[in-house]
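Here is the structure we will look at, set down as C-alpha cells.
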Number of protein chains: 2
Amino acid sequence: MALPRNKSRRVTLDDVATRARVSAVTASRVLRKPEMVSADLRARVDSAVRELAYIPNQLASALASNHTGRIGVIVPSLTNGVFGDYLRALHDVFIPAGFQVLVLNSHYLAGREEKAIATMLGQFPEAMILAGVDQTPQARKSLLQAGIPVVQTMEMTDNPIDINIGLSQREAGYVAARHLFDLGHRHVGQISAPHDARSRQRLEGYLQACAEFQATPMLASTEEPCTVLLGGELLTELLTRWPKVTGLFCGNDNLALGAMFECQRRGIRVPQDLSIMGFNDLEVSACACPSISTIAVPRYEMARRAAEIILEITRGTGKRPKQRRIDLGFKLIARDSTGRAS
Amino acid sequence: MALPRNKSRRVTLDDVATRARVSAVTASRVLRKPEMVSADLRARVDSAVRELAYIPNQLASALASNHTGRIGVIVPSLTNGVFGDYLRALHDVFIPAGFQVLVLNSHYLAGREEKAIATMLGQFPEAMILAGVDQTPQARKSLLQAGIPVVQTMEMTDNPIDINIGLSQREAGYVAARHLFDLGHRHVGQISAPHDARSRQRLEGYLQACAEFQATPMLASTEEPCTVLLGGELLTELLTRWPKVTGLFCGNDNLALGAMFECQRRGIRVPQDLSIMGFNDLEVSACACPSISTIAVPRYEMARRAAEIILEITRGTGKRPKQRRIDLGFKLIARDSTGRAS
DNA sequence: TTGTAGGATGATAGCGCTGTCAATTGCCCC
DNA sequence: GGGGCAATTGACAGCGCTATCATCCTACAA
C-alpha cells in the first residue's frame with residue numbers, strides 16, 4: 001500500500017466536505033453549480049471553503065471533467081505594444097466567460113512557435129489562437145489533429161488551418177507607402193526588421209508602390225528584434241546610402257519614433273525635410289511631437305472577434321462562423337509627421 | 001458502469017503501450033527516464049509514440065507525480081517595458097531548466113492580484129514569483145499554505161512572505177528627486193500614476209527630498225493606467241497650477257516621454273527651461289532626443305536571481321538562500337534631459 | 001392513506017498518469 | 001552449480017476531482 005505522497009498535504013475537496021459534513025460530490029457542486037444545492041448545505045460548504053482557504057485543484061478537475069477551461073495563445077512578442085492590446089482583448093472576453101488564457105511567446109521564430117504549440121497542446125487547451133499564418137507543417141498537423149478550434153490572426157491566408165481573422169499586411173504596407181508617394185515624394189525609403197513575417201508583407205506592399213511609381217526601392221533592415229534605438233540606426237544607414245530621401249516608411253511605430261528622434265538630433269525637420277510614416281498606431285504615435293502618421297490595425301477588435309468566435313463554438317451550439325476568413329481591414333491615419341514634398 | 005467519456009479519444013499512454021507490446025509503466029519510463037529501459041523496448045515505444053503522434057497529458061502526469069514543472073508569475077502589466085525584460089529573464093532561466101512559466105496579469109489591482117494568485121495556485125505551480133510586496137492578507141495566507149517557494153520582487157519589505165528580492169523604491173524616488181534639487185532646482189514638481197504601489201513609494205521619496213530642501217511639493221497625478229499621453233496631460237495640469245516649476249520628476253519613463261513631447265509642443269526647452277527626470281530606464285529613454293535622465297532598476301538581474309534561487313530550492317538539495325531579503329539597488333543615469341537650474 | 005414526481009444528496013467508478021515495490025531475468029564469482 | 005546482485009519489467013494503487021446514476025426525501029394529488 002502506497003503512503004500518501006503529499007506530506008505537506010494541501011487542502012482537498014474531501015477536507016472541505018468533511019468539515020461541512022457533506023459528501024465530496026456536494027461540496028464539488030457547491031463550487032460548480034450552487035443552484036443545485038440547498039441553501040443550508042451551501043452555506044456550510046462555503047464557510048468550510050473559506051476557513052480552510054481551499055483552492056480547487058484544477059489539474060484534477062480538468063482531468064476528471066475532460067474540460068480544461070483553457071485557451072492557448074501564441075504571440076511573437078509580449079513587449080510589443082500591439083500584443084498588449086491584443087491580449088487585453090482576449091482577457092476581456094475570456095476571463096468573464098470563465099476561461100483561462102495561457103500565453104506563450106514565440107519570439108518571432110518559427111521553431112520556437114512550433115515548440116510552443118506542442119507545449120500548449122499538451123495542456124489540452126479548448127482552443128488555440130495564433131498570431132500569423134506561417135506555422136510549420138508539423139505544427140499545422142498537430143493543430144489539426146487536436147480537433148479544437150484554431151484561429152490564425154493578424155494576417156490573411158488562402159489556406160487557413162481552421163479560422164482566419166486579420167488583415168492584408170501587404171495591402172496595408174502598400175497604402176502606407178502610397179500615402180508618401182501621393183504627397184509628392186519621389187525618394188521614399190523603408191526601414192524594417194523583417195524577421196517578422198508581417199513586416200516582410202508590408203515591405204512587399206512598399207515594393208509594389210515603388211514599382212507603380214517607378215521609384216527605386218531604398219531599404220535598410222536588420223535581423224535584430226525591433227527597438228526604438230534601431231529606428232535611428234537604420235535611418236542613419238539609409239541616409240548614408242540615399243541622402244535624397246524625403247519620405248520614410250517605417251516597418252512599425254517604434255522604428256518611426258527612433259527615426260524621428262534621430263532627425264531631431266541631426267536637425268532634420270519632420271515633416272518639412274523628411275516625412276515619416278509608421279505602422280500599427282501605437283499609443284505613443286498620437287502624442288509624439290510631431291504626431292506620427294501611421295496605419296491603424298484593429299488589433300483589439302481582431303482579438304475580440306477571435307475570442308467570441310471561439311466562445312460561440314465551444315459553449316454555444318458548437319456552430320462555426322459562416323465564413324472561415326474574415327478581413328478586418330485597416331485605416332490610414334495621417335498626422336503631422338507626413339507632409340507634401342516641397 | 002460509466003461509459004468512456006472521451007468520445008473523440010485522444011491517444012493515451014495505454015494506446016502507446018499496447019502498440020509497443022509493453023506495459024504502460026514501461027512506456028511512461030521511456031518518456032521520462034529512457035536510460036532505465038532496454039534499447040529494444042525503448043525503440044518499440046519510441047516508434048509507437050511517433051506513429052500515434054502521442055502527446056502526453058500533462059494534467060494527468062502532474063496529478064500523479066505531484067510535480068507540475070510550472071512556475072507561476074504575477075505581474076501588474078504586460079505592456080510595461082519593465083516587465084518585458086523581467087519576463088525575458090525568467091524565461092531565460094526557467095525554460096532551459098525544463099520549467100514552464102505561467103504568467104498572469106493583475107492590472108495593478110490588489111483584487112485582481114488576489115484572484116490571479118488563487119487561480120495560479122490552483123494550477124499547483126512549484127514556485128511563485130510576484131511583483132511587489134503588498135499582497136492581500138488572504139493571498140498571503142494561501143501562498144503560505146501552498147508551501148512552495150514564493151519570491152516577492154521589485155520592492156523591499158521587512159516582512160516577506162518567503163523570499164524578497166528588489167530595491168527600495170522610496171530611496172530610488174528620493175535619489176531621483178534629489179538629483180533635481182542638487183542641480184539647483186527649487187521648484188520641483190512630480191507627476192505620477194499612483195495606483196501602482198511602487199509609484200507611491202517613489203512619490204514618498206520625492207516628498208522626503210522636498211522636506212529636506214524645504215521645497216513645496218507640487219503634484220499632479222491620475223488614477224488611470226499610465227500612458228505616454230498622460231505624461232503630457234499631467235504636465236499641463238502641473239504647469240497650470242505651478243508655472244514656476246523648473247524641475248520635473250516623472251513616476252516613470254513613459255510619463256517623462258509624454259511630458260517631453262508636451263514641452264516640444266509648447267516650446268519649452270528641455271533641459272534649459274525644464275529639467276525632466278524619468279524612472280525605470282526603458283529602452284526609449286536612452287535614444288530619445290534629448291535623452292532622458294532616469295533611474296535604472298536591475299529588473300533583468302532581479303528576475304534572473306529570483307529564478308535561480310527557485311531552481312536552487314526546487315531541484316537542488318532544497319537549500320534556501322542565506323538571506324531572505326536581497327536588495328539589488330539602483331542606479332542614477334544622468335542624461336541630457338536634466339541640467340543645472342539657471 | 002398511498003402513490004408518485006421531482007428535487008436534493010450520496011456512492012461509485014473512473015480521467016491518464018506515475019510512485020512504489022514485487023517479480024523476473026541474466027550474469028558473475030566462488 | 002548455486003548464491004547474490006543488479007538490471008529490467010510489470011502490477012497495483014492512488015493523485016483530486018467530476019459524470020453518472022441510485023437513493024432518499026418532501027410535497028402534493030388522488
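Just so it is clear, the structure is predicted and the values come from calculations on it, not from any experiment. Protein chains get the first letters and strands the later ones, always in sequence-line order, with residue 1 at the start of each.
The A/V37 side chain lies nearest to C/dT9 when the options are C/dT18, C/dT9, C/dA11. With distances taken from any side-chain atom of A/V22 to the nucleotides C/dG10, C/dG16, C/dT18, the minimum falls on C/dG10. With D/dG16, D/dA11, C/dG10 as the choices, the nucleotide that has an atom nearest any side-chain atom of A/A64 turns out to be D/dG16. Residue B/T12 has its side chain nearest to C/dG16 when only C/dG16, C/dT9, D/dT18 are considered.
Residue A/L59 is out of contact with every strand shown, counting any heavy-atom pair closer than 4.0 Å. No engagement by B/F124 is indicated, since no non-hydrogen atom pair under 4.0 Å with the nucleic acid exists.
Rounding to whole angstrom units, CG of residue A/L31 and P of D/dA19 are separated by 13 Å. In this entry the distance linking CG of B/L41 with C1' of D/dA7 reads 13 Å, nearest Å. Between A/M36 atom CE and D/dT18 atom P the separation is 13 Å, expressed in whole Å. Regarding B/E35, its CD atom lies at a distance of 18 Å from the P atom of D/dA6, rounded to whole Å. In this structure, CG of A/D40 is placed 8 Å from P of C/dT9, rounded to the nearest angstrom. The CG atom of B/N66 sits 11 Å away from the C1' atom of C/dT18 (whole-angstrom rounding). In this structure, the CG atom of B/N57 is 14 Å from the C1' atom of C/dG14, given to the nearest Å. As rounded to whole Å, 11 Å separates atom P of D/dC17 from atom CD of A/Q58.
Considering only side-chain N and O atoms, B/R32 lies nowhere under 4.0 angstrom from the phosphate OP1 or OP2 of C/dC17. In this model, the phosphate group of C/dC17 is not approached by any side-chain N or O of B/S28 to a distance below 4.0 Å at OP1 or OP2. Taking only side-chain nitrogens and oxygens, A/S65 never comes nearer than 4.0 Å to OP1 or OP2 of D/dT18. Considering only side-chain N and O atoms, B/S23 lies nowhere under 4.0 angstrom from the phosphate OP1 or OP2 of D/dT9. Between A/Y54 and D/dG16 there is no side-chain N or O to OP1 or OP2 distance below 4.0 Å. For the OP1/OP2 pair of D/dG10 and a distance below 4.0 Å, the side-chain nitrogens and oxygens of B/T26 include at least one atom meeting the criterion.
At a threshold of 4.5 Å between non-hydrogen side-chain atoms, the residues B/T314 and B/F99 count as touching.
For the pair B/S61 (side chain) and B/N57 (backbone), a donor-acceptor distance under 3.5 Å is absent.
Ring-plane geometry between B/H107 and A/H91 is classed as perpendicular, the angle between the planes exceeding 60 degrees on a 0 to 90 degree scale with a lower cut at 30.
Side-chain to base pairing of B/R29 with D/dG10: one donor and one acceptor N or O lie within less than 3.5 Å of each other.
Salt bridge A/D40/A/R44: present, at least one basic N to carboxylate O contact under 4.0 Å. In this structure, A/E301 pairs ionically with A/R304, as a charged nitrogen and a carboxylate oxygen lie closer than 4.0 Å.
The CZ atom of B/R325 sits 13.0 Å away from atom CD1 of B/I163, with the distance rounded to the nearest 0.5 Å. The line from CD1 of A/I165 to CD1 of A/I309 is 4.5 Å long, rounded to the nearest 0.5 Å.
Heavy-atom contacts from other residues, nucleotides or ligands closer than 6.0 Å to NZ of B/K141 number more than 12.
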Between the protein and nucleotides 22-28 of chain C, list every N/O to N/O distance that falls short of 3.5 Å.
none

